[in-house]
Structures are given as C-alpha cells and as structure tokens.
Asks: 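Here's a structure for you.
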Amino acid sequence: MSYDYHRPRSLAEALDIAAATPGARFVAGGTDLMVQIHKRAAAPAALISLRHVAELGGIDNGARLRIGSSVTLTELQAEPAVAAGYPALIDSMRPFGSRQIRNMATLGGNLCNASPGADAAPPLLVYDAVVELRDRAGAREMALEEFFVGPGETALAPGEVMTAILLPPRAGDVRSVYLRKARVKMDVATVSVAALVEMEEGSCVRARLAAGAVAPVPKRLRDTEGLLVGSPLDDATIARVSTAAADEISPITDVRSTADYRRHLTGVLLRRALERLRAAPGEGVL
Amino acid sequence: MSKYRHVGTEAQRPEGADKLAGTARYIHDITVAGMLHGAIKFSEHAHARIVHIDTSRARALSGVRSVITADDVPEVRYGFMRDNLVLKKGKVRQFRDEVAAVAAIDPDIAREAVDLIEVEYEPLPSVFTPEEALAEGAVLIHETDAAGRPRTSNVVPLPCRHASGDLDAAKERTAHVVEGTYTVPRIQQAALGTSGCIAEFDRNGNLTITTKTQIPFLAQRDFNSILAALGLEGRNVRVVVPAVGGAFGTGLDTHAYEYISILLAWTTGKPVRILYDREQEFAYLSPRQSASMFIRQGCDAEGRFTFREVDVVQDNGAYTSWGATYPNVMLVAATSLYRVPAVRFDSRIVYTNNTYCQAMRGYGNPEITWPIESSLDDLAAAAGIDPYEMRLLNSNQPGDVTPMGLKLATCGLTECLDRTAARIDWKEARGPERRTARGVGMASLINVGGGGKIYASDGSGIILKLDDFGHVNVAYGGVEMGQGLHSALTLMVAEALGVEPENVHINETDTATSPWDVGTHASRGAFMAGNAAVMACEKLRARIFEHAEKVYPAEVERNLARLRDRGEDVSPAGFDYTSVTRDRFDLQGGRLFVVDAPDEPWLQIDLGRFLRAVHFTKEGGVGTIFTEEAFYEPPTELPDWDRGIGNMSASYTFGVQGVEVEVDVDTGEVRILRLVAVTDVGRVLSPQALRGQMYGGIAQGVGYALYEEIKTEEGRILNAGFTDYKMPSAADLDFPIELEFVETDDPYGPFGAKGAGEPGIVATAPAVGNAIFDAIGVRILDLPITPEKIIRALREKETAVAGAGGG
C-alpha cells in the first residue's frame, strides 16, 4: 500500500504529471478512492491531488453555470445560484454521506467515480449537464449522459481530467425535484430519481427523468419522459409514467436491495416526484 | 426525598472526561517497547481440506519475524466445547478459519506477508443452514469431538429442554391457539472499539496479555492451557483489561487472535499486538446467532394463557462459543414471561459451515421475546381481547415461583404495563380517530437481574483499600466497557462506606490485583459489585469504628485546641467524647462523627486525619491500615438443563416497551414516531449510566427490528463493514425515547437494585412488530422488518383479499 503523492499547483502541472506517470490516478476529496485503497480494492501507482489546482475550484454564474470539478459538496450547497436555479441538485446533496464527507467530497469526484447510484448524477442529467474534460492536447465538452459508460467506467481518456460541470440557464416554468430512498439515513441510495418538467398552460412541453442505482449507469429515462410531453400532469399520465419506467431500467439484486423492490421503488418515487411537481414548482423532499 | 445520599444521584461518570478528551487508553492506544505486529491468514473456503501451505515467500519478506502454521507450534484446542483449534490442521470449516499467522515489525509488512502465504485447498461439500446440516447424509463438520470420539450428526450436544404442567389437559381448556415460526438473523455486536490484544512473556515464562475481554478470570483459565501446550505449565497468566469501547458479549469467550498473539510472542520473544480493523471485526469476529423459533400458545375464553410450546433451532456455525448456551437464557422468558401453567421448550443447536457465533447483549432473550410477544398479539386478536389487557391479565406478580423455578422476589410488570399504556396513549392511539397506517404496539420482558448462573460460581470479589488521605481504591474484577459499571460502583461504595464519590477510585481490571469475578455479562456487573462492595464496606466501617474508640478522644481534643487557637470559645460540656463506644460512630461524606451529636463540627474527624492517626501511632502504639475484601455469591441455583429447572438469578428485571409507528404503504418504510420504555430496575443507582444503558439497548433493538442483518452467500459474509451493514445512526433515531423506571426495591439487590444492562434491547423488536401489525394488519415473522418484506406482505394480503372476494 505505497504510492507516490503529487500535489500540483496548476492544471498544466497536473496534466504533465499524469502524462509522465503511468498508473497514476487523480484524487480530489478522496472520500471514495482512499477507502478503496485502504480496502486494497484499488492500488494506484501514484496519486495526483487536485485539491490545490486553483483552476478547478469556484462557481461561475455566466451564460451557463460553471461549477469547477473540485468544488466540494458543502460549497455547492452554500451557492445561491445553485439553490435558485437547480434545486434538485441541492436536494441530492442533503442525504449525501455525512457533513464530514460533504466537506471533502467534490462534485467532479462524485461523477468520475461513476457509481450507478451517484447522488449528484440524476439531477445533473435532468438539467442537461455538460462536463468539460481536458488533457494536454486541449479541452472537450460532453453531455453527462455520454460520460457514464458503466459501473465505475467513464469516457475519460488516460491522462484526462474533468475540469468543470456546465449547466444551461434556466427559463420558463421549469420545475425539478430529486427523491431518493436508502436503508437508513446515512447510506448510499437504494433508488434515486430526478424529474424536471417545463410547463406551459397546464401542459408539459419538456420533460427529463433520470434514475440512480437501477442500471449500470445513472440513467436518463428517455422513453418514459417522452410520455409526459404534450400531456397535463394528471393522475392518469403520472400512473402511466411510473409504470413505464420499469421497462427502461435494469436493476440488479445485491446486498442492498432486490431488483424487484428497486423496480417497485422507482415507480413510487417517480409518481411522488411528478405529484410534487404538479403541486408546486420544484422543491425536494427527502 | 431519597434515603440515600449518593445512590440515585446525577453524578458524572468517573471515566467520562478521559473518554471525551481522547485520553482514555484503549488497546489501540497502547504500545510496548519492541512490540511486533501480528496478522492472520484466514481461510478462503467454507469447508475444505488443507492440502498445502507455502509460507516461504512470507518468511523471506524483510521485516517479518515469525510465520506460523499448525505445523510450527503445539496444537492448542479452545472454545466452549474445545472444538476449535487456534491454527487449523487438516481442514477448514468456515471462511474465517485461521490457517497461518505472521509477526512483523510493522502492521503493513505483516499484512503483506499474510498475502504472500499460499494455501492450496481441496473443497469439501458444505452446509449453510441447520436444515441442510440435519439432512440425512449431510457432511459432518466435525468428524470427532474434542476427545476424539466419532460424531454421528451435526447437532451440538448441549441439551436444553423443559416440560412443566399437564400440556394435554391445558390444551383441552384452550379456547384459542396461535402458532408461527419466527426467525432472527445473525447480527454484529458492532462495538465502536474493535478487538485487539498485546501478549508478552517475561524471561521466567510468565505471560501478560492486555486484551479486550469481559471475562479476565475465565480468560486466565483458558490461557493456562496454552502455557501448558507450550511447556510452560504452572507459569502465571496475568490478564489486564484496558479501556474498552463496548463489547456487547464479544468478550465472553477467548478468541483465536488472542492465542495467536501469545504463540507469536512465544516464537519471537517479543510483545506482539494484533488489532482488528472494522472490516476484519465484521469478517473475523463471531456475530450473534441466527435462530428459527416455532411457537404455539393458547389461552382460555377469558384470555388467560393455558400453554406455550417452543422449538428453537439455532445455527451455531462451525465452532461452539458460550453463545451456544442461549437456550439456557431463552428458558427464562419461555417459561416465565407471564403466568403460563403448562410449558414445553425444546432446543437444538446445529453446526454449519457458516461463521461461528457468540454472545450478544440479551443472550437469547431478544430472540425468544420476539416470538413470544409477537404471537401474544396474534392470540389476543384471535380471542378478541386488547393485547394490553391480555398482558395485564397474565402478568407475573411478586412472590410468584414460575414453572422454571424462578423466584420473583419483586416484580413490577403490572406497573410497567400500566405506565407504558398511559404514556403511549394506548387507547386513543388504537382508537377510531387514528390516522391511516399508524399504530401502536407493546411488548414485555423478563430478564435476569441478579446474575445468571450458568457456571460453577456466579460470584464476584472486591477489595477496598483506604489510603492515608481518605481515598478508597477499589479492585474489582468486572469490566467497565462503556456501560457505566464504574459510575454505579462509585456511588455504591461512597454510599455504603460513607465517603464522597470523588474519593472513590476504581482500578484498572487486572487479574494480578483484582479478586476473582466470573465476568461482566447477564446484566450482573452493578448487582454483583454492589453486593460485594456493601459487604466489604461493612467490614471496613466495623474496623474503623473499632479503632475510633482509641483515637477519637485525642482527635477531638486536637479539634478543640485548633478552635481555641483561633480564639473561638468552644465548650465541650454536656458531651462525653472520651468514652464513645464503637456502636455510636458513623461515617458519612468522609467525616467520622458520633450519632448522638452529628452536627457539632468539633466532634467530626476528617477520615484522612483519622486514618493517619491510626496508621502513624504515638510512641509505643501498634498502627494499622485498612484494606478489606469480600466475595459475594448470589443465592442462586445452576439449573438442570435437561429439565430446565433452577432459580438461576437472585432477582428478575421486568419491563415494557411501547412504540407508535407510521408505515409508508407505498415504499414499505416504517417510521417510529415515539418509543416508551418503562423498566422495573429495583432501584436507580446511577441515573446517567442507566439512561445510557436504556438508550443504547433501544438503539440496538431498533436496529434488530428494522435494519440489521449479516448477509452471507455460501458462508461468506457479504456486508463486512458499515457501508452495507446498516445500523441506525443518530439521524435515524429521530423520535422521542421516553424512559420511566419502577423502583421495586429488591431484597437481594444492592440498595434494592436489579441488573439493567440488557433489558433495553429485549422488547423493542416485538413492540415495533406489534405496532406495524396494528397499523397495517400484516405481521412479518422474520427480522429485520425491511420495507421490502412489508411490500411483499401487503401484496400477499391484497391478493388474499381479492381472492376471497372473487371466490
């Protein structure tokens, strides 16, 4: 359990070290990677800390909301622009680990870890989040949906680092919510869902649904959300949506839950999420 | 106002400040010069023949000082049935079997060396449930017993049964019967302080082991056998207990890691420490047993119990610990919770290739109370009686002698029932006005409260030593492990001797200095310590007063002289202090005085001054110092387990828990809205410690009811760690827990107190289960009651209703 530890001061330095160090891994908060290392589930040759790379911090509310990848969850929770425009993301932070974990863990780390149940993923999926990736050759942008490849697998190329999460501006009657269930309060999600609807004259003109821990990756429910567009949020529509989601997810049975219960819970949470959006512009309840 | 000066007061816990500041020394904080670090190679199979162990790469690793397998050290058998080998020879019987061990100069090297040990196995057929293990032709987990006699089945030969009353006649009188098979899972004790020890030998071959244990003296006896195996028979074993961060029963047996640290200390000649981290604690330490319990009980038309039948099957795992005697304790509630005229109890404990199990808080009682109290509510429903009324009707009463022969000197069950019902608003909460999917439930408990005799002696010794300054040092063999033993003992010594609590100091538990004690378990610590302390304090007081006759007049004259020096006019007239006899003295708050004139300052002698006066006598006198010991053996019987008869405890603690829940019928989640626990503890000794015991026990009870379960796949533990072994945290215990105590002043208890360490955990699960039944009309028989089980049960209920409607 020995490895070199690098503490670059700039992004360029971090990328140079990565290019020169085979088997190195980037580490930000370390709340997941360090646990894996201690359990011997990961054995990187070197760690490159991103905690002192200034370019990766900070939240910039420009044309798009730009969240630096090493912004901690605690910082994110305290950001008025996030609370105002992206409440489901705030909702997803509340049950995230513990306060101590949130003080260390970063938004970029949560996404790059690519857990199927990553708490931040479903809300970011419904907000059409884009991630910015950079290596020594330059930067590229990618829809978050494409970023997740499989459990623990992402589209990051070797030596590439996530630099920011970009959220499109909010306009119109957009309502969003995040709901999750877990075995106890401090736990990874058994199932999580995020829902977003844009309403016009009582009818849904745009819909986004996403679910966590029910597929190999945090999953945008494209087919299911299509059922909402052009419909009012009435009981029949909501019932149809909550039933249809079962066909679009592929939950597994593991030590935390069963496929059957996860499927059931996804339907219940989607129904509750949509009922909540019908009642009032998005405010999450845990 | 209390008749006691210290007992029952809100005193600070004596060890609390050090624990809060992080200065208490747990095993993890202790290092010894030259110490090596031990690590263990565990089995990778549930049942397999060991073909070959290659340790060559481990031995070659720099920093490794010793690598041992069964071939390198004498064979050491251990365990309650001596069916376990410290290092396995021939075959492994469970995933966590110890096959080799390493001592190295640092823990990482030790672990690395363990990884370099290669073991070749030949897998054997395995059994993972008692049913499989009992099936005809099932593979034998142990081919022979400890004495080498061939075994013919996987049943552990520990009979425990009971039959009383005329069962057939009782069934004739029965109007309503219910039955069911209830199960409880393996769960982790999950103490905050993980396991560990340091073993070291001196050059004379005497062993000192500093270890997290609840049984220092039985451990001493166990470790004598390893000294014998090492050719050191007759050498001394000293067991020292450091600060303990919770044990909950894990310290009731000696463990392979302790023997291995001793073996490594012997092979290296250095102190060796072994510590488990959290994941190892889950994977390699024995959890609480799983059990399956069939119950059938009946009542007459009025709701009086007529009979109860119980059949217990317990999964022992691959080896046998003290935990295999759970049925002995199950007998208490099975025969004696409520007045039941005819009882049959049978039990079987079965070897499997699962992890072997051990004791945990309540020791069979939370298990057996789950079916008894759950099925009571079903029986009440069948009889059309309110379950609270049914409990009242059948409540035990003081003076009862139960079918097991338990003598209930005191019994506050009826009062506990009434106070619980009042506090939880029983009638209203079950009434027509209640909200959908809300319900209340209650469950009662009986627990040993005056020791629990399952060993040749259930006694405790104590030594009280007074120093020259009026401080009392207490040597007691019981273990403070977070439960508050030292709080209660401090107050009782202060009370019984007549000193202030801050002058009472309880020594670290050490077999070299503490007198014998059977162990800290069965809610016995404060009960035993208090009774022994009262005996020793009486001896001390008698000797103090005897010597007071001699030194008192001179000391009073010193008082008078001092007062006169200060110019105060004190007239001793009217009181003859020169010839006070020993029966007229008293000691309170560290001041010696005469009962006939208790308030005169000049007639009071500071205890320290008095002790010095007796110690350092004037010319020609013979001085003395004050040390007294006592040994308390409770007036109990070692039961005849084949008949299940015997008064195994001096006192019995009763209690009731009431719970209100709300069930989310869409998700199956259960939310506890409030919990009331009323417990007959005889007397409250230390309110702070007692509340801690109750809150902690209830938290564990909530975990048992709703969340906790060790999940296994073919004997391998899947959730070894807090990531996937879920216990309730403070955030989950977000409901009011209301505690009340009934003081029945037990004649056998110190100051009337009965043991209270375990009751908190005993009745929670059935109270929660009964509340869920009241809320949504489904009963889950298998703990824990997960949302998933509730959804499944609700669906089955719907299907049954629809089916009935359609038919």
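Chain letters run A, B, ... following the sequence lines, proteins first and then strands; every chain starts at 1. What you see below is based on every heavy atom in this structure, not just the backbone, and it leaves out hydrogens, waters and symmetry mates.
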Asks: Check whether NZ of the Lys or CZ of the Arg Arg361(B) lies under 6.0 Å from the centre of the six-membered ring of Tyr704(B) and within 45 degrees of that ring's axis.
Replies: no
Asks: Checking heavy atoms, do the side chain of Glu669(B), its backbone, both or neither come under 4.5 Å from chain A?
Replies: side chain
Asks: With a 4.5 angstrom heavy-atom cut-off, which part of Asp260(A) approaches chain B: side chain, backbone, both or neither?
Replies: side chain
Asks: Using non-hydrogen atoms and a 4.5 Å limit, figure out which bit of Glu279(B) sits close to chain A: side chain, backbone, both or neither.
Replies: side chain
Asks: Measure distances from Arg111(B) to the heavy atoms of chain A and classify the residue's part below 4.5 Å as side chain, backbone, both or neither.
Replies: both
Asks: Looking only at heavy atoms and a cut-off of under 4.5 Å, which of Asp187(A), Val268(A), Thr190(A) has the most pairs with chain B?
Replies: Asp187(A)
Asks: Tell me, for Arg278(B) versus chain A, whether the close heavy atoms (under 4.5 Å) come from the side chain, the backbone, both or neither.
Replies: neither
Asks: Count the heavy-atom pairs under 4.5 Å between each of Leu718(B), Asp664(B), Leu706(B) and chain A, then report the option with the highest count.
Replies: Asp664(B)
Asks: Side chain, backbone, both or neither: which part of Thr723(B) has an atom under 4.5 Å from a heavy atom of chain A?
Replies: both
Asks: State whether Asp234(A) and Arg278(A) are salt-bridged, where the test is any N-O pair (Lys NZ or Arg NE/NH1/NH2 against Asp/Glu carboxylate O) under 4.0 Å.
Replies: no
Asks: Yes or no on side-chain hydrogen bond (donor to acceptor under 3.5 Å, both in side chains) for Arg96(B) and Thr355(B), after CA distance, side-chain angles and deciding distance?
Replies: CA-CA 7 Å; Arg96(B) 48 176 277 218; Thr355(B) 182; 3.0 Å; yes
Asks: Can you check whether Lys711(B)'s main-chain N or O pairs, donor with acceptor, with Tyr725(B)'s side chain at less than 3.5 Å?
Replies: no
Asks: How are the rings of Phe42(B) and Tyr284(B) set to each other: parallel, tilted or perpendicular (split at 30° and 60°)?
Replies: parallel
Asks: Side chains of Glu281(B) and Ser195(B): do they bring a donor and an acceptor to under 3.5 Å?
Replies: yes
Asks: Main chain of Phe128(B), side chain of Asn354(B): is a donor-acceptor contact present, judged purely on distance under 3.5 Å?
Replies: yes
Asks: So what's closer than 4.5 Å to chain A heavy atoms on Asp734(B): side chain, backbone, both or neither?
Replies: side chain
